[in-house]
Amino acid sequence: MSSMTKTEFMGEMEALMEMPAGALSAETILKDLAQWDSMQVLSFIVMVEEKLGTVLDGDEIAKAKTVGDLLALLGDQLQ
Amino acid sequence: MNSPKNPYDLTGRRYLVTGASSGIGAAIALALSRQGAAVIGVGRNAGRLEQTRAGLAGQGHSMQVRDLSDVDSLPAWLEAVCAESGPLNGLVHAAGAQSALPVKLLTPARMKPLQTVNVDAALALVRAFIGPKVYAGEDGAIVLLSSVMGQVGAPARVGYSLTKGALEGMARSLALELAPRRIRVNCVAPAFVNSPMLDEMSRTWDDAQRARVEQMHPLGFGEPEDVANAVAFLLAPSGRWITGSTLVVDGGYTAQ
C-alpha cells in the first residue's frame, strides 16, 4: 500500500487546484473554494488513485465538508 | 434479386468479436450466435470468456485470450486464428477503454491506453481482416463500437470522445475504400447501458450525478442486448445497403 504524509497530500491538492503552497488546511471548507467543482473532484479522484492506489467513491467525497474530511477518507494511507 | 427469407439470419457466417468477455461485447457474441453465426470471441480474461462461450447458441465458436494493446502483433495473430477456425465474414470491435478525465490531466501517457485499444487496435484488426487469409471474400461487414460521445460531448470526456469520433471518421473512409471488395463498414453509437463500463464510470459519481446522467436517457439506461441487436442488424442481410454510417442506439440521449 502506498502512503504519503498529510502535508505532502495537501501539497498535491494545492497543485491540483493551482493554489499557493500552504493555502489549504484541514479546516478549509470545500464549498468555499471556487475551484472545488465536479471537474476538480474528478481530478482529485485520479490523483488519489495514481498516488495511493485507492479509488474513492463519489458519494463519500460528496459527504466531505472540509479538506480534513477528505483526508479522513484515506485513513492510514496518510501519515 | 434473391432476397433471403429471414434478413437477420447469419447462418454459415463467422465473426470476430473483441471485448467479448463482458458487457456489450459479450451480448454481441450471444446475439450473433442466436442468429446462426460462428463467433470468435476475444478478451483478456479467460474465465469470463468461458462464461460468454457457455451462453452461446449453436456450434463452431472459439475464444481467444488476447490483450489488444499489443497492436503490432494483431495481424499475424488474426491470420493464425483464421488458419485454425476458417475465414471471417466480419469483425466487431467492441473492446474499449473508458476515460473520465478533465482535459488538464489528459497527458500523452494517460491518453495512450485509450488511443491504443479504442482506435489503434481497431485499425490493425481492419487491416488484418481485409487480407486473403482472413476475409472469406463475401458478405463482408465490419462494425466498430462508437459511443454517443463520438456525436456529442460532455465535460471530462475529451479523450473518450476523441477516440470514438476517430472511429466514426475511420468507418466512413473505410466504407468507401472497401466497397469494391463488398465489405461494409459501420459504427454503432450507444449511450450508457448497464454494463461493467457503466459500473466503472459511476464509481466516481454521487447519487445526484447518477440521477442526472440517467435522466439524460429518456428511455432510461439501456441493456447490452439493445446494442447487440443493432450490431447484428448491420452485419446481417438486413444491413446490406448500409455502409459508412453510424447507427445511434441511445434511448434518446442525442435527441435532446
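Naming convention: chains lettered A, B, ... in sequence-line order (proteins, then strands); numbering from 1 in each chain.
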Does [atom1] belonging to [X] count more than 12 external heavy atoms closer than 6.0 Å?
X	atom1	value
B:R44	CZ	no
B:R53	CZ	yes
A:K6	NZ	no

Quiz item: Taking C-beta and beyond as the side chain, do B:R110 and A:V46 meet within less than 4.5 Å on heavy atoms?
Solution: yes
Practice problem: For B:D206 and A:I61, indicate whether the former's side chain and the latter's backbone hold a donor-acceptor pair under 3.5 Å. | Solution: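 Side chain of B:D206 to backbone of A:I61: no pair is present.
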From [X] atom [atom1] to [Y] atom [atom2], the distance as rounded to the nearest 0.5 Å:
X	Y	atom1	atom2	value
B:L101	A:M39	CG	CE	10.0 Å
A:D59	B:R210	CG	CZ	10.0 Å
A:E49	B:T204	CD	OG1	10.0 Å

Quiz item: Looking at B:K104 and A:L16, what are the two nearest heavy atoms and their distance?
Solution: NZ-O, 2.5 Å
Quiz prompt | A:L42 versus B:A156, closest heavy-atom pair with distance | solution = CD1-CB, 3.3 Å
Quiz item: Given a strict heavy-atom distance threshold of 4.5 Å, which part of A:L56 is in contact with chain B: side chain, backbone, both, or neither?
Solution: backbone
Quiz prompt | Under 4.5 Å from any heavy atom of chain B - which part of A:Q40 | solution = side chain
Self-check item: Most chain B-contacting option - heavy-atom pairs closer than 4.5 Å, from A:A62, A:S43, A:G58, A:S38
Solution: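 The candidate making the most pairs under 4.5 Å is A:G58.
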